[in-house]
Amino acid sequence: MSLVTLLPFIVLIGAMFLMTRSAKKKQQAAAQMRDEMQPGTGVRTIGGMYATVKEVHVDMVLLEVAPGVHAVYAKNAIGAVLDDDEYNRIVHGDDPSDSDTPIVPDDASSLTGPADETRIDLGKKPEAAGPADGTDTADAEPDDAKPADAKSEDTSADSAGKADKADKADKTDGESGAK
C-alpha cells in the first residue's frame, strides 16, 4: 500500500482523536464545576430552573427552588454554577447600581430627538363642492353610469354564457347518440 491510500485514514483517525479529546475536556470541566458546588451557591439546572444549593452529597444535591421548597436533584442535572451577582440579577432582578454601561431604551423615542410640532397630516382631505378646475358639474358623468370596462365585461360574460350553453347541448347530443 502506498502512502497516498493511507493518508485519508490517518486524517480521519486524527480528527476523531481531536473531537473526543475536546469532548472529554468539556466533561471534565463540568464535573469539576459540580464538585466545587457549596451550600448557598446559585445554580441553573439543565431544565432551566434556578435554585440555591442547600446540601451537597456524593451523587445528589438538595436545592431550594423557592423559600421553604426543597427538591433533590442528581449532580449531573446541574447545568451551571452561577456567580452571586449573576444569580441575583436573574432571580431577584437586582441590577448593579455601579454599572457605567448605558441603559438601552425599550423603544426608539429617545433616539429621534425632541417631538416635532410640524407633523404631516396623512388623512384624506374632504372633497370640495365642485371640481377644482372650474368646469360645470353638469358635464360630469353621472354616478349610475357604467364605466367603459364594465360594459366590456358584460359582453364577455354574455359570450361565455352562450358558449357554456352550446357545450351542454353538444354533451347531451353526444350522450343520446351513444345510447
Side-chain angles (χ1 to χ4, degrees), residues 1-116 119-120 122 149 152-153 156-157 159-161 163-164 166-168 170-172 174-175 177-179:
M1 288 189 134
S2 68
L3 183 63
V4 175
T5 57
L6 290 177
L7 187 63
F9 292 113
I10 293 171
V11 170
L12 184 64
I13 290 171
M16 289 174 49
F17 173 73
L18 291 175
M19 287 189 293
T20 57
R21 185 173 175 197
S22 65
K24 282 184 182 180
K25 282 186 178 181
K26 287 180 183 179
Q27 286 177 346
Q28 288 175 351
Q32 181 182 4
M33 172 206 52
R34 290 182 188 115
D35 290 337
E36 292 176 356
M37 273 190 300
Q38 299 175 356
T41 307
V43 295
R44 180 181 63 238
T45 65
I46 58 174
M49 184 171 60
Y50 293 91
T52 305
V53 177
K54 286 297 176 184
E55 296 177 10
V56 179
H57 300 285
V58 176
D59 289 333
M60 62 181 205
V61 180
L62 180 68
L63 300 178
E64 185 177 32
V65 294
V69 179
H70 296 88
V72 177
Y73 277 83
K75 268 191 176 180
N76 290 338
I78 304 301
V81 178
L82 305 173
D83 297 329
D84 290 337
D85 292 336
E86 184 178 3
Y87 179 77
N88 289 332
R89 181 183 59 82
I90 293 170
V91 175
H92 303 296
D94 295 343
D95 288 331
S97 59
D98 58 337
S99 175
D100 292 334
T101 59
I103 297 174
V104 179
D106 289 340
D107 59 1
S109 63
S110 65
L111 302 174
T112 59
D116 212 6
R119 294 187 181 255
I120 299 173
L122 298 176
D149 33 308
S152 65
E153 288 176 11
S156 64
S159 62
D164 288 340
D167 289 340
K168 288 180 184 177
D170 289 341
K171 287 181 183 177
T172 57
E175 291 173 0
K179 288 182 181 177

Side chain to side chain donor-acceptor pair (under 3.5 Å) partners of residues 61-83, not counting sequence neighbours, each pair once | Lys54-Glu64
Any pair counted as side chain to side chain donor-acceptor pair (under 3.5 Å), so long as it reaches residues 11-33, sequence neighbours left out = Gln32-Glu36
Mind checking the CE-OG1 spacing from Met33 to Thr41? Nearest 0.5 Å is all I need.
-> 11.5 Å
With rounding to the nearest 0.5 Å, note down the distance linking CD1 in Ile46 to CD1 in Ile78.
-> 8.5 Å
Of all the heavy-atom pairs spanning Val65 and Ala71, show the shortest one and how long it is.
-> CG1-CB, 4.5 Å
For residues 7-15, run the donor-acceptor check on the side chains, cut-off 3.5 Å, and write out each pair with its distance to 0.1 Å, sequence neighbours left out.
none

If you count the non-hydrogen atoms of other residues, nucleotides and ligands that lie under 6.0 Å from CG in Asp35, is the total more than 12?
-> yes
Between Val53 and Leu63, is any pair of side-chain heavy atoms under 4.5 Å apart?
-> yes
